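First up is the structure itself, then whatever we jot down about it.
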Amino acid sequence: MVDDTTKSKKKMKGLNSFVVMFVVMVFITLLTWVIPGGEYQLDKAGNAIAGTYSALPSNKQGLWDIIVAPIIGMVGNSAVSGAVAISLYVMLFGSFLEMMDETGVIGLVLKSVSKRFEKHPYVLITVLTFIMAFLGTTQGSYEEGYVYVSLFLPIFLALGMDSITVLMITVFGTQIGCASSVINPFSTGIASDIAGISFGSGIMERLLIFFVLTGFVSFIICLYAKSVKAHPERSIQFFRRDDDLLEFGGGSENSDNDQSMSGKEKSLVAVFISTFVIMVLALFPWTSINENFTLFQDIAEWINTTPIINTIIGSDVVAFGDWYFVELCGLMLIMSIISGKVAGFSIDKIIKIIMKGAGALISTALMVPMARGIQVLMTQGNITATILNATEKSIGSLPLIIFVIFAFVIYLVFACFLPSSTGLAGATIAVMVPLGSFVGVEPFIMIIIYNFALGIAKMFTPTSIIVMTCTQYAKIDYLSWVRGVWKQLAMIFAVCLAIVLLLVIVT
């Protein structure tokens with residue numbers, strides 16, 4: 001079963017992001033030979049001012065520039081900041097996830113919740129959908145989706161629901177969390193870094209979006225599950241009902257024999273949750289929301305200026321609200337070590353797990369300087385402003401609402417072919433965010449559009465790993481999945497578009 005799923009995962013993983021990024025880099029290099037140079041006047045924040053474009057001599061890029069662009073993207077130069085901090089954060093985040101996987105925390109939580117709410121199926125659906133969304137919005141949960149399907153199938157089949165319900169909880173849940181991406185380092189983190197804005201910019205809006213979208217998705221899943229439970233023949237998988245019960249339905253019989261979590265396991269869950277609570281507190285722009293709320297700044301100032309304490313702790317402590325990737329790196333490392341000690345691991349095992357987790361995300365970490373390399377080539381070739389000027393006069397001249405709809409649809413199309421958060425951000429954010437600024441769309445809203453489109457695309461596109469592995473595991477034909485959920489997908493798209501338009505109008 002798992003072997004078949006793994007084969008499907010390999011077969012359907014789609015375009016290699018590094019190949020896509022290299023092709024884009026070559027394409028950008030060729031553009032420096034045919035597009036004239038130019039520049040915009042900048043405001044105090046360093047953003048281009050619409051209508052101030054002027055021509056500059058072109059600076060053609062070559063093979064050597066392609067080779068060194070990702071390296072410059074990693075270490076930085078006078079024109080482009082280096083990506084080493086965010087790359088290191090991605091790797092250390094991988095270490096933390098590996099530690100959580102090694103301790104089995106996520107599986108323990110899911111089993112405990114499922115057992116507790118088994119007699120209240122619609123409450124169970126809502127709780128599990130929120131848990132899936134939490135995993136998506138904090139860590140970009142994606143490839144491991146079929147593991148959750150394997151945990152949920154016996155429970156919901158025994159409750160009279162179908163396998164489509166289970167896939168909705170897993171796929172819709174995780175990906176609506178990714179669409180919100182409140183503190184997801186692989187989408188919002190990388191996209192914000194490329195856009196040159198704080199990771200915490202727009203976090204309050206994203207947090208509100210998370211609850212609205214996850215609540216809405218939970219509601220439409222419950223409606224579907226209630227319909228199927230009352231009329232099983234309405235399920236597109238009804239023909240497999242007996243086979244599904246025979247193949248997947250045995251797990252719930254022994255659920256009463258499952259032991260509750262031990263004290264150590266509860267402590268691990270507390271560490272896991274507190275890590276993301278700290279992230280939210282540290283990234284939330286407290287003084288931007290209320291300039292009189294200086295609690296965290298006062299605490300940091302007290303630590304930094306108090307004798308003995310500043311000697312022991314340090315005199316450069318950064319207050320919550322001002323954290324960035326350097327501080328987040330420290331958080332991931334410390335919490336990984338604490339989790340390992342709580343689990344009772346030796347220091348040697350903790351270090352091995354940290355190295356293993358970091359190694360697993362090297363490819364993602366290296367994607368960041370690759371994306372920054374595109375920015376390096378465009379900047380050195382003086383063509384960024386020229387491309388922005390052309391789009392400003394064409395797409396940028398569209399009415400604001402039409403532009404937002406157009407950008408959403410374009411991003412959705414791109415995401416279907418390149419469902420990689422880092423790859424899609426690297427290929428588009430450097431152009432789309434300044435273009436949005438020209439027509440009056442805040443950078444954080446352009447990133448929300450990018451997240452929405454990516455999250456929705458990964459709910460149905462055949463290049464989505466979570467869709468293909470979950471349908472394969474649950475014995476659901478891909479086209480049956482699309483036919484079974486297209487109405488829900490259309491509603492999710494409509495709600496996401498409405499939220500973006502509302503944000504644009506309000507801001």
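None of the values given here were measured: they were computed from a predicted structure.
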- Task: Look at the side chain of R206 and the backbone N and O of G200, then say whether any donor-acceptor pair between them is shorter than 3.5 Å.
- Result: no

- Side chains of F219 and T126: does their closest heavy-atom pair fall under 4.5 Å? no

- Message: Between N59 and Q380 (side chain of the first, backbone of the second, donor and acceptor by atom type, cut-off under 3.5 Å), is there such a pair?
- Response: yes

- Task: Please report the C-alpha distance between V485 and M168 in whole Å, then the side-chain angles of each, then the deciding distance to 0.1 Å, and finally whether the side-chain contact (heavy atoms from CB on, under 4.5 Å) criterion is met.
- Result: CA-CA 8 Å; V485 302; M168 280 184 174; 3.5 Å; yes

- Message: When you measure from the side chain of S141 to the backbone of L135, do you find a donor-acceptor pair of N or O atoms at a distance under 3.5 Å?
- Response: no

- Closest heavy-atom pair, A407 versus M432, reported as atoms and distance to 0.1 Å, is CB-CE, 4.0 Å

- Message: Quick check: do E98 and E102 have side-chain heavy atoms less than 4.5 Å from each other?
- Response: yes

- For S363, enumerate each residue passing the side chain to side chain contact (heavy atoms under 4.5 Å, CB included) test, keeping only those at least two apart in sequence or located in another chain. F18

- Query: Counting distance only, does the side-chain N/O of Y450 pair as donor-acceptor with the main-chain N or O of S421 below 3.5 Å?
  - Reply: yes

- Query: Looking at CD1 of I66 and OG1 of T29, how far apart are the two atoms once the value is rounded to the nearest 0.5 Å?
  - Reply: 3.5 Å

- Query: For P36 and T386, which heavy atoms make the closest approach, and how far apart are they?
  - Reply: O-OG1, 2.6 Å

- What residues form a side chain to side chain contact (heavy atoms under 4.5 Å, CB included) with T306, not counting sequence neighbours? W302, I309

- Supply the atom-to-atom distance I86 CD1 to L328 CG, rounded to the nearest 0.5 angstrom. 9.5 Å

- Message: How about OH on Y478, more than 12 heavy atoms from neighbouring residues, nucleotides or ligands closer than 6.0 Å, or not?
- Response: yes

- Query: Does the T137 side chain pair with the main chain of C178, one donor and one acceptor, at a distance under 3.5 Å?
  - Reply: no

- Query: How long is the span from the CD1 atom in I354 to the CG atom in L92, to the nearest 0.5 Å?
  - Reply: 8.0 Å

- Contacts satisfying side-chain hydrogen bond (donor to acceptor under 3.5 Å, both in side chains) that involve residues 172-186 (not counting sequence neighbours) are S181-N184, S181-S187, N184-S187

- Message: Restricting to side chain to side chain donor-acceptor pair (under 3.5 Å), what partner residues turn up for N310, sequence neighbours left out?
- Response: none

- Message: Please check: side-chain N/O of T471 versus main-chain N/O of V467, any donor-acceptor pairing under 3.5 Å?
- Response: yes

- Query: When the ring planes of F93 and F96 are compared, do they come out parallel, tilted or perpendicular, using 30° and 60° as the limits?
  - Reply: tilted

- Message: With a 4.5 Å cut-off on side-chain heavy atoms, are S192 and F444 touching?
- Response: no

- Message: I need the minimum non-hydrogen distance between T32 and G381, along with the two atoms involved.
- Response: CG2-CA, 4.0 Å

- Message: Looking at every heavy atom in both I337 and I350, which two are closest together, and how far apart are they?
- Response: O-CD1, 4.0 Å

- So the salt bridge (Lys or Arg N to Asp or Glu O under 4.0 Å) pairs with at least one residue in residues 420-443 (sequence neighbours excluded) are none

- In terms of the angle between their ring planes, are F325 and F199 parallel, tilted or perpendicular, with boundaries placed at 30° and 60°? parallel

- Item | For the student: nearest non-hydrogen atoms of S87 and P369, plus distance | OG-CD, 3.5 Å

- For L281 against F320, the heavy-atom pair lying closest together: O-CB, 3.5 Å

- Message: I'd like to know if the side chain of D101 reaches the main chain of L97, judged simply by a donor and an acceptor atom lying under 3.5 Å from each other, with no hydrogens or angles considered.
- Response: no

- Answer yes or no: are there more than 12 heavy-atom neighbours, outside F27 itself, under 6.0 Å from its atom CZ? no

- Task: Working to the nearest 0.5 Å, report the span between CZ of F210 and CG of L208.
- Result: 11.5 Å

- Item | Neighbour count above 12 (heavy atom, 6.0 Å) for F408 CZ | yes

- Query: Side-chain contact, heavy-atom cut-off 4.5 Å: Y89 with P185?
  - Reply: yes

- Got I197 and I447 here, is their nearest side-chain heavy-atom distance under 4.5 Å? yes

- Task: Decide yes or no for S339 and M100: does some side-chain heavy atom of the first lie under 4.5 Å from some side-chain heavy atom of the second?
- Result: yes

- Message: Using the ring centroid of each side chain, check whether F276 and F134 are separated by less than 6.0 Å.
- Response: yes

- Message: Would you say that more than 12 heavy atoms from the other residues, nucleotides or ligands in this model lie under 6.0 Å from the CE of M491, or not?
- Response: yes

- Query: Between atom CG of L167 and atom SG of C470, what is the distance when rounded to the nearest 0.5 Å?
  - Reply: 5.0 Å

- Using a 4.5 Å cut-off on heavy atoms from C-beta on, say whether the side chain of V439 contacts that of L398. no

- Query: Given the rule in the side-chain contact (heavy atoms from CB on, under 4.5 Å) test, do V504 and L400 qualify, once you have shown the distances and angles that lead to the verdict?
  - Reply: CA-CA 8 Å; V504 170; L400 181 59; 3.3 Å; yes

- Expected output: side-chain S437 to main-chain V433 donor-acceptor under 3.5 Å: yes

- Side-chain donor-acceptor contact under 3.5 Å, T188 with N451: yes

- Not counting sequence neighbours, list each pair that qualifies as a side-chain hydrogen bond (donor to acceptor under 3.5 Å, both in side chains) and has a residue in residues 315-338. D193-Y324

- Query: Is there a side-chain contact (heavy atoms from CB on, under 4.5 Å) between M132 and T214 once you walk through the steps?
  - Reply: CA-CA 9 Å; M132 294 291 99; T214 309; over 6 Å; no

- Message: Determine whether I383 and I28 satisfy the following criterion, side-chain contact (heavy atoms from CB on, under 4.5 Å), listing intermediate values before the conclusion.
- Response: CA-CA 9 Å; I383 66 171; I28 293 297; 4.1 Å; yes

- Taking the side chain as every heavy atom from C-beta outward, state whether F403 and V441 have any pair of such atoms under 4.5 Å apart. yes

- Message: Let me confirm one number: the CD-CG distance from E39 to L56, rounded to the nearest 0.5 Å.
- Response: 4.0 Å

- Say whether, by atom type as modelled, one donor and one acceptor occur between the side chain of S274 and the main chain of V271 under 3.5 angstrom. yes

- Task: Could you tell me how the ring of W286 sits relative to the ring of F284: parallel (under 30°), tilted (30 to 60°) or perpendicular (over 60°)?
- Result: tilted

